[in-house]
Amino acid sequence: MNDTTTEPTPSNFIRNIIDADLESGKHNKVITRFPPEPNGYLHIGHAKSICLNFGISQDYPDATCHLRFDDTNPGKEKSEYIDAIKEDVRWLGFDWADNLHHTSDYFDQLYAYAVELIKKDKAYVDSLSAGDIRLYRGNLTEPGKDSPFRGRSVEDNIALLEGMKKGEFAEGEHLLRAKIDMSAPNINMRDPAIYRIKNMSHPMTGDTWHIYPMYDFAHCVSDAIEGITHSLCTLEFEDHRPLYDWFLDELETPAHPQQIEFSRLNLDYTVMSKRKLHELVEGDFVNGWNDPRLPTLSGMRRRGYTPNAIRDFCSRIGVTKKDNIIEMSVLENSLREDLGENSPRALAVLDPIKLIITNYPEDQDEILAGVNHPKKPEEGMRDIPFSKELYIERSDYMEDAPKKFFRLTEGREVRLRFAYYVTCTHVIKDASGEVTEVHCTYDSQTRGGKSEDGRKVKGTIHWVSAKHAVNAEVRQYDRLFTIAAPASSKEQDYKDFINKDSIHVLKNCKLEASLLEPATAAYQFERQGYFCQDNVDSKAGALVFNRIVTLRDSWAKKK
RNA sequence: UGGGGCGUGGCCAAGCGGUUAAGGCACGGGGUUUUGAUCUCCGCAUCCCAGGUUCGAGUCCUGGCGCCCCAGCCA
């Protein structure tokens with residue numbers, strides 16, 4: 001990873017709070033945590049949280065950030081997700097050192113805390129059905145009412161909970177609830193669930209439990225056990241903060257972390273919820289969690305995004321409590337900046353058409369030199385073979401070209417990058433009128449792409465020697481959705497807005513010979529964009545490149 | 001007409017009562033250029049609205065308006 005250009009992370013309201021807490025002596029060191037539920041793959045929205053939490057641990061003295069798997073629902077979670085999540089966090093460039101935890105590590109303690117609540121008459125076992133509980137809860141404008149089981153004795157409650165734990169009951173038969181206030185205006189405080197029966201085994205604890213704790217109970221207690229100082233989460237948990245604090249106030253926990261909420265990331269032209277991503281993957285709307293069109297970290301990694309670019313993006317968008325939809329161009333700008341700085345250049349023709357230099361010797365070859373990086377001479381030069389028959393981009397020739405078209409048309413002279421000036425004399429067309437060959441003459445005095453007479457050529461185009469070309473498949477990606485906010489339509493399902501044209505496969509691409517070498521890093525194909533070999537489909541002899549992102553194109557804009 | 005949040009330019013985002021309201025992205029225009037890339041220069045808001053406090057308010061107060069979240073034994 002190239003980290004040389006990393007700039008200091010801009011401050012935000014959360015860092016301001018931390019600064020104040022350190023200043024006042026409330027804390028002398030900071031501990032944050034990134035607490036994913038292992039029920040899916042991480043996406044760029046998680047990256048925002050990861051960068052926030054781990055970023056703080058890097059920037060403050062003695063600070064740490066825990067990676068904690070919030071594995072309280074064995075019905076949805078799988079250990080394979082745990083591995084994928086770890087890989088993604090590491091790939092992003094962060095290290096949890098020995099601070100790897102699971103909420104399931106605390107199941108014994110959680111249970112003891114639940115018993116403590118019962119003993120304080122702050123929790124009870126309810127035996128209402130799920131449907132009745134919903135009815136008793138009231139709604140947004142009407143208060144709820146007490147369950148008939150709310151008055152059970154401490155002894156009965158403990159015995160019942162014990163039975164639930166041992167698996168003596170069916171799922172849904174009983175539920176441990178906090179005893180708070182059924183008429184609370186905040187619905188989360190209307191006797192929320194603490195433990196529910198799930199007669200299923202758990203990836204980490206196997207068959208030892210028949211009850212599993214709910215998020216609201218498990219999360220705050222886990223934070224407290226780990227000594228988290230600042231528990232950062234997204235806005236939708238704001239209403240849960242009173243409950244977070246209630247548990248920690250009632251219980252004798254070793255600490256009382258502060259929950260602070262920030263707004264989640266939304267990117268335009270994509271979706272960011274795990275539920276929707278699951279749906280896209282399972283409904284075969286895309287090809288797996290690592291589909292290069294997805295905003296998942298594994299998809300972006302496959303596409304060719306760099307950790308550097310994603311971290312830079314996260315620091316640019318900031319952290320606030322305001323709802324937002326970030327434009328894709330911000331991400332692309334971070335990407336281009338990193339890739340432009342760090343990618344070697346290459347010549348590659350994606351949509352080839354023959355260019356024949358009529359006055360070039362029939363069986364002559366020569367080796368020309370191309371710079372690997374125009375801004376970094378220290379990266380050296382490479383050899384590029386040149387000969388009479390080349391491939392150029394079909395779009396670099398135009399029959400009735402306007403004055404401002406700087407490329408080839410009859411009578412116009414252009415520079416072949418690193419090679420020679422050529423002038424188009426005529427073209428050959430097939431029966432259907434399609435251009436098949438562009439014929440040119442070259443000026444042998446312009447070797448290397450410059451002339452002594454100071455003659456100006458406005459256009460420079462890329463090319464590949466036909467007989468030296470390496471064949472490859474190139475996949476070009478476009479946005480996955482046709483509208484900026486596919487998830488925000490009230491009438492229509494977001495899937496109705498899927499872009500049917502989000503992937504273009506070009507199978508007949510011609511790459512310069514140096515690209516034969518297998519490589520994991522990205523290249524800039526000059527004048528086109530950034531590309532990298534596909535990490536699953538590319539093989540020696542059958543290269544497959546993904547277009548990560550195009551170059552900016554002010555000419556395309558003008559047209 | 002329940003509770004909790006949010007509202008600074010097209011999209012983000014600084015600003016914490018006191019010079020002409022940072023910066024990034026986007027957009028428009030000029031220059032450089034063997035990538036119509038990069039680089040570079042220039043342009044681009046009076047802060048949701050209305051009152052009020054103050055010598056002075058985006059920043060304080062009051063009242064509106066708008067948007068988001070909450071009725072899982074999900075997280």
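None of the values given here were measured: they were computed from a predicted structure. Order of the sequence lines sets the chain letters (A, B, ...), proteins ahead of strands, with each chain counted from 1. Just so you know, these numbers use all the heavy atoms, side chains as well, and skip hydrogens, waters and symmetry mates.
You won't find any donor-acceptor pair under 3.5 Å spanning the side chain of Gln528(A) and the base of U35(B), going by distance alone. For Glu327(A) against G10(B), a side-chain-to-base donor-acceptor contact under 3.5 Å is present.
For G72(B), the glycosidic angle deviates from 0 by 90° or less, giving a syn base.
OP1 or OP2 of U33(B) has not a single side-chain nitrogen or oxygen of Lys458(A) nearer than 4.0 Å. For Ser329(A) and A26(B), the shortest distance from a side-chain N or O to OP1 or OP2 is not below 4.0 Å. One finds a side-chain N or O of Arg196(A) lying less than 4.0 angstrom from the OP1 or OP2 phosphate oxygen of C74(B). The phosphate of A75(B) (OP1 or OP2) has a side-chain N or O of Thr72(A) nearer than 4.0 angstrom. Residue Lys322(A) places none of its side-chain N or O atoms closer than 4.0 Å to OP1 or OP2 of G5(B). At the phosphate of A37(B), neither OP1 nor OP2 sits under 4.0 Å from any side-chain N or O atom of Arg345(A). Side-chain nitrogen and oxygen atoms of Arg417(A) include none within less than 4.0 Å of the OP1 or OP2 phosphate oxygen of G36(B).
Applying a 4.0 Å cut-off to non-hydrogen atoms, the residues of residues 73-82 of chain A that approach RNA chain B are Asn73(A), Lys76(A), listed by residue number.
U46(B) is unpaired under the criterion used here, namely a Watson-Crick or G-U wobble arrangement in which both key atom distances are under 3.5 Å. Partner assigned to C67(B) is G5(B), using Watson-Crick or G-U wobble distances below 3.5 angstrom.
Residues passing the side-chain contact (heavy atoms from CB on, under 4.5 Å) test with Pro402(A), sequence neighbours excluded: Met398(A), Phe405(A). A search for side chain to side chain donor-acceptor pair (under 3.5 Å) contacts involving Asp323(A) returns nothing, not counting sequence neighbours. Shown here are the salt bridge (Lys or Arg N to Asp or Glu O under 4.0 Å) partners of Glu337(A), two or more places apart in sequence or in another chain: Arg316(A). Take Glu37(A) and apply the salt bridge (Lys or Arg N to Asp or Glu O under 4.0 Å) test, not counting sequence neighbours, and it matches no residue. Ser129(A) pairs by the side-chain contact (heavy atoms from CB on, under 4.5 Å) definition with Asp132(A), not counting sequence neighbours. For Arg417(A), the side-chain contact (heavy atoms from CB on, under 4.5 Å) partners are Leu347(A), Thr460(A), Trp463(A), Glu526(A), not counting sequence neighbours. For the side-chain contact (heavy atoms from CB on, under 4.5 Å) test, residues two or more places apart in sequence or in another chain that qualify with Ile367(A) are Asp383(A), Pro385(A). Take Asp59(A) and apply the salt bridge (Lys or Arg N to Asp or Glu O under 4.0 Å) test, not counting sequence neighbours, and it matches Arg15(A). Contacts of Asp478(A) classified as salt bridge (Lys or Arg N to Asp or Glu O under 4.0 Å), with partners at least two apart in sequence or in another chain: none.
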For nucleotides 2-4 of chain B, print each protein N/O atom paired with a nucleotide N/O atom at under 3.5 Å, atom names and distance only.
| unit_1 | atom_1 | unit_2 | atom_2 | d |
| --- | --- | --- | --- | --- |
| G2(B) | N9 | Leu140(A) | O | 3.1 |
| G2(B) | N3 | Leu140(A) | O | 3.1 |
| G3(B) | N2 | Asp239(A) | OD1 | 3.4 |
| G3(B) | N2 | Asp239(A) | OD2 | 2.6 |
| G4(B) | O2' | Asp239(A) | OD1 | 3.3 |

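Ring-centre distance between Tyr442(A) and Tyr421(A): not below the 6.0 Å cut-off.
For the pair Lys321(A) and Phe262(A), the cation-pi criterion (under 6.0 Å, within 45° of the ring axis) is not fulfilled.
By the stacking rule of 5.5 Å between ring centres and under 30° between planes, Trp555(A) stacks on the base of G36(B).
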Given protein heavy atoms under 4.0 Å, the one-letter contact record of nucleotides 39-49 of chain B, with B base, S sugar-phosphate only and - none, is simply -----------
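Across U19(B) and A57(B), the matching C1' atoms stand 15 Å from one another, rounded to whole Å.
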